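Here is the structure we will look at.
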There are 2 protein chains.
Amino acid sequence: MEGQEKKVIQFKGKEYPCCASLTMGIIGGKWKTVILYHLMSGKLRYNELRKTMPTVTERTLSLQLKALEEDGLVIRKVYNKKPPLKVEYTLTDFGKTLIPIIESIAEWGDKVSE
Amino acid sequence: MEGQEKKVIQFKGKEYPCCASLTMGIIGGKWKTVILYHLMSGKLRYNELRKTMPTVTERTLSLQLKALEEDGLVIRKVYNKKPPLKVEYTLTDFGKTLIPIIESIAEWGDKVSE
DNA sequence: CCGCATCCCATTAGATACTG
DNA sequence: CAGTATCTAATGGGATGCGG
């Protein structure tokens, strides 16, 4: 009886109630934007990333990187099969489309912090 | 022995490890950007907001609005002291400084959703 | 050296009923 | 009308230890 349209939008099988919440679903959380922010300048190894984010735990960093990889924002490249491993993370072209947003977010946080 | 500088940045008494995470701490979460997105166009009453976000619960909407108010992004104005109440939510000038970011976020989500 | 696994806790968000 | 109260579920994230 009710003509209520939900008008959800979708991405990778997940549904969101609004275009803004889609983006936040992908870059939201405590660490994802920080990772993307550091990868903007170029590729980084796992441990290099850790050093730029001294307070993140290994597990969390792993999980967040995996999530970013699954959403197609970063690529994970393994260079050695034998230890010591060398793993590099890079933004994909798709991930790079977020750069303007990440920059605005970082800039705003920077201005506000004083 | 280690000259490790933490270099945290602060806002409203909370500490963040990066300028990007500060912003995300304020507009992050499942609903805050959606609320801000709808308030960009002008003030809205509580129930009007609910209608624009059919899947949010009353409790969550309340909590998120309160958090946004505490961070100084929105103002809550009460027009009647006796029921039926009339409460309007508006962006503060400070909240308006986020508009470009919210717009980019919404736009990106919109493009990606197809 | 890189990063996964297990366990656990804190925080966030939903369902529902009720109130000034 | 605009919330609060209570309870519960889902998620995020930390600590620690193991393995290639």
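Every chain is numbered from 1 and lettered A, B, ... according to where its sequence line falls, protein lines coming before strand lines. This one's a predicted model, so the numbers in the text were calculated from it and none came from an experiment.
The shortest distance between side-chain heavy atoms of A/Ile27 and A/Ile105 falls below 4.5 Å. Taking 4.5 Å as the limit, every side-chain heavy atom of B/Asp110 sits out of range of all side-chain heavy atoms of A/Leu22.
Residues from residues 69-81 of chain B placing a heavy atom under 4.0 Å of any atom in DNA chain D, listed by number, are B/Arg76.
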Please write out the pairs of protein N or O atoms and N or O atoms of nucleotides 10-13 of chain D separated by less than 3.5 Å, giving the distance to one decimal.
unit_1	atom_1	unit_2	atom_2	d
D/dG13	OP1	A/Lys30	N	2.9
D/dG13	N7	A/Arg59	NH1	2.9
D/dG13	O6	A/Arg59	NH2	3.2

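Taking atom CG of B/Leu85 as the reference point, atom P of D/dA2 lies 7 Å away to the nearest angstrom. Rounded to whole Å, the distance from CZ on B/Arg50 to C1' on D/dT4 is 13 Å. For the pair B/Leu65 CG and D/dC1 P, the interatomic distance rounds to 17 Å; values are reported in whole Å. Regarding B/Glu88, its CD atom lies at a distance of 12 Å from the P atom of D/dG3, rounded to whole Å.
When the salt bridge (charged side-chain N to carboxylate O under 4.0 Å, His left out) test is applied to A/Arg50, the partners found at least two apart in sequence or on another chain are A/Glu58. A/Ser104 is linked by a side chain to side chain donor-acceptor pair (under 3.5 Å) to nothing, counting only residues two or more places apart in sequence or in another chain. Taking B/Lys111 as the reference, B/Glu107 meet the side chain to side chain contact (heavy atoms under 4.5 Å, CB included) condition, with sequence neighbours excluded.
Sorted by first and then second residue, the salt bridge (Lys or Arg N to Asp or Glu O under 4.0 Å) pairs involving residues 66-80 of chain A (not counting sequence neighbours) form an empty list. Residue pairs meeting the ring-ring contact (aromatic ring centres under 6.0 Å, His included) criterion with at least one partner in residues 61-98 of chain B, sequence neighbours excluded, are A/Trp108-B/Phe94. Pairs passing the side-chain hydrogen bond (donor to acceptor under 3.5 Å, both in side chains) check and including a residue from residues 28-41 of chain B, sequence neighbours excluded, do not occur. Residue pairs that meet the side-chain hydrogen bond (donor to acceptor under 3.5 Å, both in side chains) test with at least one member in residues 13-27 of chain A, sequence neighbours left out, are A/Gln10-A/Glu15. Among residue pairs with one or both ends in residues 55-78 of chain B, none qualify as ring-ring contact (aromatic ring centres under 6.0 Å, His included); sequence neighbours excluded.
Contact annotation: B/Tyr89 reaches the phosphate of D/dG3 (side-chain N/O to OP1 or OP2, under 4.0 Å).
Transitive grouping of hydrophobic side chains (ILVMFWY, heavy atoms separated by less than 4.5 Å) brings B/Val74 and B/Phe11 into a common cluster. Note: the hydrophobic cluster containing B/Met53 does not contain B/Leu63 (ILVMFWY, side chain heavy atoms under 4.5 Å, direct or indirect links).
Of all nucleotides in DNA chain C, those with any atom nearer than 4.0 Å to a heavy atom of chain A start and finish, going 5' to 3', at C/dC1 to C/dC7.
Across the helix from C/dC1-D/dG20 to C/dG20-D/dC1, the helix axis at one end is tilted relative to the axis at the other end by 50° (nearest 10 degrees, each axis from five pairs).
With DNA chain C read from its 5' end, the first of the two nearest nucleotides for B/Glu58 and A/Lys66 is the one closest to A/Lys66.
Note that CG of A/Leu36 is 12.0 Å distant from CD of A/Glu103, once rounded to the nearest 0.5 Å.
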